[in-house]
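Have a look at the structure below, then the notes.
All residue numbers in this chain count up from 1 along the given sequence. Any value given below was found using the heavy atoms of this structure, including those in side chains, with hydrogens, waters and symmetry copies removed.
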Amino acid sequence: MPPRLSSSAEEAFAQPRRYASTILAGTAVLLMLYLGRELLIPIALSAFLSLLIAPMVRRLKRMGLGRVPAVLAAVLVLSLFLAAVAGAIFSQFVSMADSLPQYEATVRSKLDVVRAATLGRLEEMQGQAGRMINHLAGASEAGSPDAGRHGATSLTLAARSANGVVPVEIQEREPRPVEMMMRIFSSVWGPLGTAGMVLIVLIFVLLEHESLRDRLIRLTGGTDVRATTHAFNDAGERLSRYFVSQFAVNLGVGVAVWIALVCIGLPHAVLWGVLAALLRFIPYIGFPLAAISAALLAAAVDPGWTMLWLTLGLFAAIEVAAAQVIEPQLYGHSTGMSPLSVIVAAIFWGWLWGPVGLLLSTPLTLCLVVAGRHVKALAFLDILLGDTPALTLAQRFYQRALSDDAHEIIAAARQYLQHKPIARYCDTILMPALELAYADLVAGNINEQQQLKVRDVIVQVIESLSGETPIKSAGKRVPASVLDAQSQSLGQDLRLRRQAAFGQWQGPLEVPPGSVTLCISMGTAGDELVCEVLVRILRHRGIDARHLMASELDGEMPPGASAASIAMVFVVNAFDDMRAPAAGELAAQLKQDLPGACLVSLSLMLAGTAAEQPALDGKIDLFANSFEEAVQFANLRYPAKATAA
């Protein structure tokens, strides 16, 4: 009997098989999409058109029409609208084709100006270079014995070409009327057949809308109806909102382009308004294509260049107003996809399905993003195509710290602090990032050099955000971990930097009564760092906070200092319960020495409240579980500082 493989070995052998099956499945899906595009394109168009006119069907049903009359009426309105658009485009194209010959002289003059400014200068440069090369070549071939023979040969060829063969021109006969009709019919049969198929499928999709939804729910998630219904509702709401809102915005853009072009006197303004509205459904490239086409006609119509620049300016102004003002108010900047994924999707679906793929690229990709958010096996699609950040803010902080990129961290932090306080930044980003660093340190995943990078970045970020003046410490830097219990250098180094700027006691000793806040750390590296961060947060808010270690409280108070000046004391035991005996003894001593001070415990890992701390017997007045909560307590103690901040 062969030996049985361990679970890790079986997993190692199974992983390549899973990758291979995933690649084969993806290849099969791509082949199906490409080979079956003649069938899938009408179905996809029908499905997305159903989302567009579904609100109209529901409104007609609420007005009293039955399902079948409501569906037929909505499809009829859509068909008439599309026929009117197609008729307007065709008539405008015919009219423009008839009027193009009268613009020939203007076009020729414009082309001559452009050619003289671009190709003319290049040809002039090439001509000068060619004459120089020919001059050098002629000088080198002047004494060649073959020069006369080559000249004779060229003359002989010229003579032969003069006596060349009589050219023959082949002309096709005029097509008969029947042949002309067959050509026209064959050219329009494909689009008409596709349009008819789309309308028929659209009618049945609308008639069977609820039944189709139930079947899809049963097919994809019959055992979890709640999750599947949520996924379908999410996709339906996103797509319906996208289509209806985009249709309304594009219709308004088309009308605005039409009116603007009429005002500047550009012919066939209706055509460019319709094309602007239709091409805007193609992301990023459709509207600029309409603008360039209209600008080319403006250049052909106007002998000068004024109409050309006016046309481009109007298109640009309308697009900026629609994209930056109207769309954010209507349905937000984003549909849930990143800008890069929109471009990649347009290229992919355009290559796969042609112009229809370009039109449907955004909704098709949006379906994939929604599927990735609700189906665990497809989560990579949401990561690759969605607009949600791939890393959390804490993970980004840690990754940039490992890359020694303090500048990017500080820039992102300042943007964050424009809307939220620095205490929340430390709670939600800085401390979780330090926990990630500590986990890697314990697991041995980061070396000494990476530890130093993280340390330096943390120092730069804390000093920059707190507004303290960075002071370079003298002497050789001692390697230290981020939250290593055996090292205290990071928190102490930050404290020493402040002392270098503000003195040994971090400020004057003779201060008004009740104006100083002490932040006392219990002695570990984590306590030192958390205590120093708390001090800088409080000082950033205008509170005179000072950092001391518990071991420094054994001596006498320095000359000039007064216990009455201390209004608040934070005992920082960052990652341990305040029930620890050392913390209890310190709290009792502080309560005796500073009876008028408010005693607050800061323990970031403590999940309880003051009511859950009976072991302290009233020694601690308040319990804070975060920097933000500690700042709230300080604001209650110093209301004037809170108002100023």
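Between Val249 and Arg280 there is a side-chain heavy-atom pair separated by less than 4.5 Å. Within the 4.5 Å cutoff, the side chain of Phe48 has heavy atoms near those of the Leu364 side chain. Between Pro267 and Val301 there is a side-chain heavy-atom pair separated by less than 4.5 Å. Between Ile410 and His407 there is no side-chain heavy-atom pair separated by less than 4.5 Å. Contact check for Thr311 versus Trp272: no side-chain heavy atoms found under the 4.5 Å cut-off. Inter-residue side-chain proximity for Gln418 and Arg414 is flagged as unmet; no heavy-atom pair is nearer than 4.5 Å. Side-chain atoms of Asn635 and Arg541, non-hydrogen and from C-beta on, do get closer than 4.5 Å to each other. Counting heavy atoms from C-beta on, the side chains of Tyr398 and Thr392 never come closer than 4.5 Å.
A donor-acceptor pair is defined here as one N or O able to donate and one able to accept, closer than 3.5 Å; no such pair exists between the side chain of Asp405 and the backbone of Arg400. For Ser50 (side chain) and Leu202 (main-chain N/O), no donor-acceptor pair under 3.5 Å exists by modelled atom type. The closest donor-acceptor contact from the side chain of Trp353 to the backbone of Leu33 lies under 3.5 Å. Side chain of Asp302 to main chain of Met307: a donor-acceptor pair is present (N/O by atom type, distance under 3.5 Å, no hydrogens or angles).
Ala423 and Val631 make their closest contact through CB-CG2, 3.9 Å (heavy atoms, listed as atom of the first residue, atom of the second, distance). Here the closest heavy-atom approach between residue Ser79 and residue Leu199 is recorded as OG-CD2, 3.6 Å. Residues Cys426 and Ile537 come closest through the heavy atom pair SG-CD1, 3.7 Å. Annotation for Ala345 and Ser361: closest pair O-CB, 3.6 Å, computed over non-hydrogen atoms. Summarising the geometry of Ala294 relative to Phe315, their closest heavy-atom pair is CB-CE1, 3.7 Å, with the distance given to 0.1 Å. Between Pro421 and Tyr416, the shortest heavy-atom contact is O-CE2, 4.4 Å.
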(request) Please test Val71 against Ile203 for side chain to side chain contact (heavy atoms under 4.5 Å, CB included), starting from the C-alpha separation and ending with a verdict. (result) CA-CA 7 Å; Val71 169; Ile203 292 173; 4.2 Å; yes
(request) Let me see the working for Leu352 and Arg37 under side chain to side chain contact (heavy atoms under 4.5 Å, CB included), right down to the final yes or no. (result) CA-CA 8 Å; Leu352 200 64; Arg37 61 186 181 276; over 6 Å; no
(message) With side chain to side chain contact (heavy atoms under 4.5 Å, CB included) as the criterion, how do Phe397 and Val461 come out once you've worked through the C-alpha distance, each side chain's angles and the decisive distance to 0.1 Å?
(response) CA-CA 10 Å; Phe397 185 106; Val461 171; 4.0 Å; yes
(request) Output, in order, the C-alpha distance, side-chain angles, deciding distance and verdict of side chain to side chain contact (heavy atoms under 4.5 Å, CB included) for Ile318 and Val257. (result) CA-CA 7 Å; Ile318 293 172; Val257 168; 3.8 Å; yes
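In this view, Tyr34 satisfies the ring-ring contact (aromatic ring centres under 6.0 Å, His included) rule with no residue, not counting sequence neighbours. Gln399 pairs by the side chain to side chain donor-acceptor pair (under 3.5 Å) definition with Ser403, not counting sequence neighbours. Remark: Arg67 pairs with Glu210 by the salt bridge (Lys or Arg N to Asp or Glu O under 4.0 Å) rule, at least two apart or across chains.
Put simply, CG on Leu72 and CG on Leu207 are 7.0 Å apart, with the number rounded to the nearest 0.5 Å. Interatomic distance, Ile41 CD1 to Met197 CE, rounded to the nearest 0.5 Å: 11.0 Å. Going from atom CG of Leu251 over to atom CG of Leu278 covers 10.0 Å, rounded to the nearest 0.5 Å. Here the OG1 atom belonging to Thr365 is positioned 6.5 Å from the CH2 atom belonging to Trp349, to the nearest 0.5 angstrom. Atom CD1 of Ile264 is separated from atom OG1 of Thr306 by 10.5 Å, given to the nearest 0.5 angstrom. Distance NZ/Lys420 to OH/Tyr425: 12.5 Å, rounded to 0.5 Å.
In the displayed structure, Arg396 atom CZ is contacted under 6.0 Å by at most 12 heavy atoms of other residues, nucleotides or ligands.
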